[in-house]
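Atoms within each ligand, like the ligands themselves, are counted from 1 in listed order. Residues: numbered from 1 along the sequence shown.
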Amino acid sequence: MLASGCAFLESRALMKQLDSCPCYCNAYTPERVILNLTEDPSQSQAVTWRTCAEIEHPKAQIEPAADFPDLKESLRTIDAVSEKVILGNDKAVYHHSAVFKALKPDTIYVYRVGTDDNWSEWSQFRTACKSHDPFEFVYLGDPQEDIKSMCSQIFRVAYKKAPNAVFWLFVGDLVDNGDEDADWAELFYGFGWIPAMTPIITLPGNHEYPDRRYIQDKDYKLAHLWRSHFTLPENGPQGLEETVYFIDYQGVRFVMLNGNEKYEEQAIWLDRILSENPKPWAIVGIHQPVYSTAKHRDNLRLQNLLVPIFDKHSVDLVLEGHDHTYCRTYKLKNGVRVGDNNKGTVYVISVSGPKLYQAETKYKGLMAKIETGRQLFQVISIDHNRLIYSSFDVKGELYDSFVLEK
Ligand SMILES: [Fe+2]
Ligand SMILES: [Fe+2]
């Protein structure tokens, strides 16, 4: 009940003053602000955002964190790159990106994006160390459907469980239709301010591509809203920019693959990138699992191509999605369980959203745990020669865990 007319009138006055709504936003306000890791997170950091109106000189500002931004000597301003994107309803929006470079390792920075009249709030991030110091990150399977209603909760619980996670790693099917802006709107609603503070790394699932059954080969390409929303590394094979790449974070080389196209090119590149790995650990992300757990699925082509490379380089962990189930294999080599002290690879499939399939697989004998019916997130810590993996449900309760040691 309205106690008096004052609040309403004040609200109307504020709306008039802002020529907008009372949430302080207008068509020039930065929205969907998201940090992405670069190839070297100890020295650089990427940020992407969008506005509904065209901006003449979009930019980003950064300085080392202090009690207050001093806006003086240490403040750096860099020009952003802009892209006009036409949505399905013919409406134009404007995506902007900037990469902060020459940063100091292991340092907290504050930054904001926008223009002189419409800045975002200040947010902060921490650069990676040069050394192999311990860290933890969050891994999430497909959010995909009912994101606002059903995934907001698990994102918030994940943030509460691991507030110091240095990044979140998604393995695709972030949305159900990668060409549909309303789906991305739900995703960023669910994220809230988290990706402005915690960088995201991700790769495309099949839902960020068209459905192969209804499209000709020439039209089979990455959804046009993928690259607009992210600024991911471009150090992968040609033609797969921002979908296949590697990032060295302290003691781990992370390799992100695109399970939708150009498998052979990726396999050659993967073999080289893992041969040159200067880090003690190697973790691979891919959407489509090599040992599928969903009924009527078996990705043999990927399995035949990738598993020998994973085995050759003793990849420690392969993080997957797509099957909308949960599974974690034993440590495997050449498709066979090996002892805990042997070299081998653990494969995990997880799901963060509410779309859940029945688990049914011919690979049951390889699974240390297999189940369905739960939205989950994982916190993975790397502390020198130990990797500690924990999977949690939406209540924040431990669901699965294991430790790898070198
Ligand atoms: Fe999928
Ligand atoms: Fe999916």
Side-chain angles (χ1 to χ4, degrees), residues 138-155 158 168-180 182-188 190-191 200-215 220-226 229-230 240 242-244 256-263 266 284-303 305-306 318-328 347-361 363 370-378 391 393-394:
V138 169
Y139 145 56
L140 295 120
D142 314 20
Q144 194 171 329
E145 289 186 358
D146 266 340
I147 302 173
K148 179 186 173 190
S149 172
M150 297 294 290
C151 297
S152 302
Q153 187 182 182
I154 201 152
F155 295 158
W168 283 15
L169 185 156
F170 283 89
V171 287
D173 284 4
L174 293 167
V175 295
D176 198 44
N177 181 349
D179 279 320
E180 179 55 66
D183 284 15
W184 292 97
E186 283 209 34
L187 180 71
F188 278 86
F191 279 162
I200 303 288
I201 64 173
T202 186
L203 50 85
N206 55 306
H207 283 264
E208 281 94 14
Y209 275 76
D211 191 326
R212 268 194 192 280
R213 291 170 296 181
Y214 310 116
I215 204 147
Y220 186 75
K221 57 187 176 197
L222 182 67
H224 78 297
L225 293 178
W226 177 269
H229 279 98
F230 305 120
L240 292 166
E242 295 190 90
T243 71
V244 178
M256 304 293 270
L257 298 177
N258 179 341
N260 299 287
E261 59 172 328
K262 297 190 170 85
Y263 293 175
Q266 292 185 65
V284 171
I286 184 167
H287 181 66
Q288 290 84 346
V290 292
Y291 299 113
S292 182
T293 53
K295 202 174 178 179
H296 306 310
R297 281 186 177 172
D298 198 2
N299 304 313
L300 282 176
R301 195 171 153 219
L302 272 180
Q303 189 186 116
L305 203 56
L306 296 181
V318 177
L319 305 176
E320 307 159 314
H322 191 51
D323 281 349
H324 296 261
T325 59
Y326 179 83
C327 89
R328 188 246 306 174
Y347 298 82
V348 183
I349 300 169
S350 188
V351 56
S352 62
K355 181 183 182 184
L356 301 165
Y357 294 163
Q358 277 301 316
E360 189 176 299
T361 175
Y363 302 110
I370 178 165
E371 210 185 283
T372 192
R374 289 168 200 251
Q375 290 178 258
L376 296 162
F377 65 93
Q378 290 64 228
S391 179
D393 65 18
V394 76

Charged N to carboxylate O below 4.0 Å: is that the case for Arg297 and Asp323? yes
Taking the N/O/S atoms of Asp142 one by one, which is nearest to the Fe ion (ligand 2)? OD2
Polar side-chain atom of Asp173 near backbone of Asn206 as donor-acceptor pair, under 3.5 Å: yes
Using 2.8 Å as a strict upper limit, say whether an N, O or S atom of Asn206 approaches the Fe ion (ligand 1) that closely. yes
In terms of ring plane angle, is the pair Phe188 and His229 parallel, tilted or perpendicular, where the classes change at 30° and 60°? parallel
For Asp173, the N, O or S atom at the shortest distance from the Fe ion (ligand 2) is OD2
Is the closest side-chain donor-acceptor distance between His324 and Gln144 under 3.5 Å? yes
At the Fe ion (ligand 1), what is the angle formed between atom NE2 of His287 and atom ND1 of His322, rounded to the nearest 10°? 90°
With a cut-off of 2.8 Å, does His324 put an N/O/S atom close enough to the Fe ion (ligand 1)? no
What do you reckon, are the aromatic ring centroids of Phe191 and Phe170 less than 6.0 Å apart? yes
